[in-house]
Novice: 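Please find one structure pasted underneath; my questions will follow.
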Protein chains: 2
Amino acid sequence: MPSKVTIRTVARQAGVSVQTVSNVVNAPHLVRPETREHVQAVIDRLGYRASQAARQMRSGRSRLIGVRIEPARDGINGNILDRFLHELTEAAAQAEFRIVLYTAADDVAEIQAYEDLLAAYSPDGFVLTSTHPDDPRPGWLLDKGVPFVTFGRPWGGPDRHAWVDVDGAAGTAAATEHLVAAGHRRIGFLGWPEGAGVADDRRSGWLSAMRAAGLDPTGLERHVDDGVAAGERMAAEMLAAPDGPTALVCASDSLALGAWNYVLATTGHYASSPAARTARTARTVGTAANARSRSTSGASRASRPAVIGFDDTPVARAVGLTTVAQPLAEVAQACIRLLTAVLDGGGGSSPPEHVLLTPHLVVRDSA
Amino acid sequence: MPSKVTIRTVARQAGVSVQTVSNVVNAPHLVRPETREHVQAVIDRLGYRASQAARQMRSGRSRLIGVRIEPARDGINGNILDRFLHELTEAAAQAEFRIVLYTAADDVAEIQAYEDLLAAYSPDGFVLTSTHPDDPRPGWLLDKGVPFVTFGRPWGGPDRHAWVDVDGAAGTAAATEHLVAAGHRRIGFLGWPEGAGVADDRRSGWLSAMRAAGLDPTGLERHVDDGVAAGERMAAEMLAAPDGPTALVCASDSLALGAWNYVLATTGHYASSPAARTARTARTVGTAANARSRSTSGASRASRPAVIGFDDTPVARAVGLTTVAQPLAEVAQACIRLLTAVLDGGGGSSPPEHVLLTPHLVVRDSA
DNA sequence: TTGTAGGCGTTATCAA
DNA sequence: TTGATAACGCCTACAA
């Protein structure tokens with residue numbers, strides 16, 4: 001193993017001072033082209049890379065970004081944070097940053113994690129996920145002057161920091177419009193309890209799209225804590241009602257999966273893959289579905305209720321669920337861009353930037 | 001914001017030398033108890049934490065562990081690596097290590113990532129996932145003398161490094177035994193193409209359990225690349241055959257989900273949640289299933305074929321799939337333990353340690 | 001048991 | 001345009 005290549009090694013090999021080498025790396029314009037090229041050649045030949053530890057001691061910059069990795073939770077939705085993390089790692093690498101992970105059971109623990117991480121590794125900044133009303137984290141970081149960006153708007157909180165978010169309302173509106181275009185008139189919304197920021201956001205898109213289409217949303221919505229079982233239960237209640245909806249826009253793939261399970265069980269219409277369809281020979285497809293459609297008139301597609309989820313999770317893909325997809329790569333890139341802006345801006349007085357991205361509908365079998 | 005608390009600040013505040021403070025932190029036994037307590041109190045009060053950057057310059061240790069974060073892939077199985085990453089972050093924190101992330105599209109890119117990361121951040125070691133035959137990574141790291149542990153055996157490769165793995169064969173064997181106990185005699189195996197290490201491992205557990213139970217495995221297995229659609233297709237072929245299996249042990253939850261989709265479509269028996277069951281009133285449950293069972297005699301539970309997956313992914317939970325669960329928290333802890341052993345052992349001649357953990361069966365609706 | 005000196009690799013300052 | 005020097009915070013000798 002070649003003993004460590006330091007800036008000294010390069011300087012000696014190139015016959016210049018260490019400072020010149022440093023300049024070639026950090027401020028090339030200060031070095032005469034010939035010298036620069038020569039030194040650069042030596043750097044490449046030796047494979048020299050500045051030590052972050054030493055660099056950090058001088059410059060105070062670690063080129064590290066702290067990110068929390070969340071537990072699997074119900075695992076269906078939590079999944080998008082893992083995908084986000086992957087995208088963020090790539091976006092960070094583009095900007096020569098690395099992601100350091102930490103875990104925390106709740107907001108208080110997370111603030112403790114900031115302190116620990118900051119004191120020992122001094123990351124240059126943080127990317128926060130899952131912001132929510134009364135979130136104590138932004139305030140703490142703001143107080144300490146620690147640079148950060150959030151993936152998620154400051155729901156209700158003071159808007160004093162850079163954030164990136166996806167327009168959930170636009171997503172559910174697109175879903176609703178898709179259903180309207182398919183001939184549905186009574187389109188229900190299956191969401192989460194109010195007050196969660198994201199919950200209200202996604203509901204509002206459905207609501208405005210309904211009104212824009214001249215449809216009456218009254219009585220067509222239900223709210224429940226996230227989960228497949230809960231989705232199935234609520235969907236059963238909603239769809240079985242005499243004048244219930246013929247289609248459902250859901251706030252999550254979990255809820256949608258539950259609803260879709262119900263639809264399939266009710267209609268006996270498990271149409272996911274061609275293989276299944278051809279293999280399914282002995283069954284009399286559609287009887288139950290027809291019985292249902294007779295009592296639910298109104299949808300142009302009378303065969304079965306439509307369901308649309310949110311997040312385009314792997315489950316949705318596997319099961320053929322139509323769903324709203326968040327542009328996670330773009331979100332990640334925007335996070336890095338805004339964070340570097342905050343880093344460079346330093347104490348600058350320019351107001352914090354915001355980015356609101358639009359999700360898109362992925363149409364599959366369920367709607 | 002309080003200007004940085006260094007070892008000097010503490011020393012002054014406590015009225016001792018910096019060396020004493022350092023000793024209190026790194027070699028408490030060298031300090032007189034009274035002094036130690038006094039200094040410790042000051043440390044706590046000031047919230048002092050040694051700077052990793054400075055510490056690393058002296059000691060050469062960064063207390064950083066490099067881990068690759070994989071893309072979402074088909075997303076259903078890739079998910080377990082995300083869960084592993086979470087557990088690893090926690091286990092590492094226990095041992096005062098942090099996880100630094102990197103991405104890489106393939107093995108060659110990953111080796112490049114080692115070089116970059118090593119040169120700039122000098123992580124103390126790496127945790128490798130997804131080992132496979134002809135994996136060039138362990139050899140490279142071994143050559144460079146970089147400490148590492150793999151989650152995954154060195155399939156076919158030289159066994160010269162520490163590794164942790166889960167006994168896949170034990171998992172499929174347990175699944176098979178469970179089915180045998182339930183009265184199944186023709187138990188099929190739906191796995192991946194041979195040669196992938198993990199593939200052969202999981203197959204072998206099924207095979208040995210079949211033989212141990214005195215059952216003939218001939219013609220009861222199929223192999224296909226992972227995927228839900230592939231699983232559905234293969235399951236259709238296998239289960240529809242006149243003397244086909246009455247139950248399926250699958251190498252993954254993806255395959256199992258596909259198989260289960262087929263089973264449900266065929267039997268019209270979508271029994272996931274109680275809600276669905278009660279809601280499903282109009283349908284005549286079981287006719288198709290009975291028709292099937294007549295032609296497939298042999299299982300004690302004639303109603304429908306049983307399916308068992310592998311990995312206990314969120315999808316499995318959501319859909320009620322019986323599956324084999326890997327003890328990821330234990331794997332993560334073992335990885336950290338072995339890695340620290342390698343770190344401490346340094347050039348020691350003690351042979352690399354191995355840990356093989358046993359998975360367990362999670363019984364749900366599908367078997 | 002405690003204190004002092006030196007150096008890890010880098011970059012900022014300043015002089016040449 | 002380039003080079004010498006100091007300093008970042010810590011830890012390991014070594015001295016007291």
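We name chains A, B, ... by the order of the sequence lines, and we start the count at 1 in each one.
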Novice: What is the distance from CD1 of Ile7(A) to P of dC8(C), rounded to the nearest Å?
Specialist: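 Going from CD1 in Ile7(A) over to P in dC8(C) covers 14 Å.
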Novice: Using a strict cut-off of less than 4.0 Å between a Lys/Arg side-chain nitrogen and an Asp/Glu carboxylate oxygen, indicate whether Arg63(B) and Glu96(B) qualify as a salt bridge.
Specialist: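 Salt bridge: no.
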Novice: In whole angstrom, what separates Glu34(B)'s CD from dT1(C)'s P?
Specialist: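 About 11 Å, once rounded to whole Å.
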Novice: Determine whether more than 12 heavy atoms belonging to other residues, nucleotides or ligands lie under 6.0 Å from atom CG of Asp134(B).
Specialist: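 Check fails, neighbour count at 12 or below.
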Novice: Please check if any side-chain donor atom of Ser22(A) sits under 3.5 Å from a side-chain acceptor atom of Asn26(A), or the reverse.
Specialist: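 Distance-only check passes for Ser22(A) and Asn26(A).
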Novice: Quick one: His38(B) NE2 to dT1(C) C1', roughly how many Å, whole number?
Specialist: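 Whole-Å distance recorded here is 15 Å.
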Novice: Enumerate the residues from residues 40-64 of chain B whose closest heavy atom to DNA chain C is under 4.0 Å, giving them by residue number; use none for an empty result.
Specialist: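 Of all residues in residues 40-64 of chain B, the ones placing a heavy atom under 4.0 Å from DNA chain C are Met57(B), Arg58(B).
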Novice: When the aromatic ring centroids of His132(A) and Trp155(A) are compared, is their separation below 6.0 Å?
Specialist: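 Distance test on ring centres: not under 6.0 Å, no.
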Novice: Mind listing the residues from residues 14-30 of chain A sitting with a heavy atom below 4.0 Å of DNA chain C? Number order is fine.
Specialist: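 Nucleic-acid contacts, sorted: Gln19(A), Ser22(A), Asn26(A).
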Novice: Could you give the CZ-to-C1' distance, from Arg32(B) to dG3(C), as a whole number of Å?
Specialist: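 Those two atoms, CZ and C1', are 14 Å apart.
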Novice: Run the salt-bridge test on Arg337(B) and Glu353(B) with the 4.0 Å N-O cut-off and return the result as yes or no.
Specialist: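 A salt bridge is present here (some side-chain N lies under 4.0 Å from a carboxylate O).
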Novice: So does Arg8(B) have more than 12 non-hydrogen atoms from other groups sitting under 6.0 Å from CZ?
Specialist: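 No, because the 6.0 Å sphere around CZ of Arg8(B) holds 12 heavy atoms or fewer from other groups.
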Novice: Ignoring hydrogens and angles, state whether a donor on the side chain of His86(A) or Asp82(B) is under 3.5 Å from an acceptor on the partner side chain.
Specialist: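 The answer is no; no qualifying pair exists.
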Novice: Side chains of Gln52(B) and Ser62(B): any donor to acceptor distance under 3.5 Å?
Specialist: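 No, no side-chain donor-acceptor contact under 3.5 Å.
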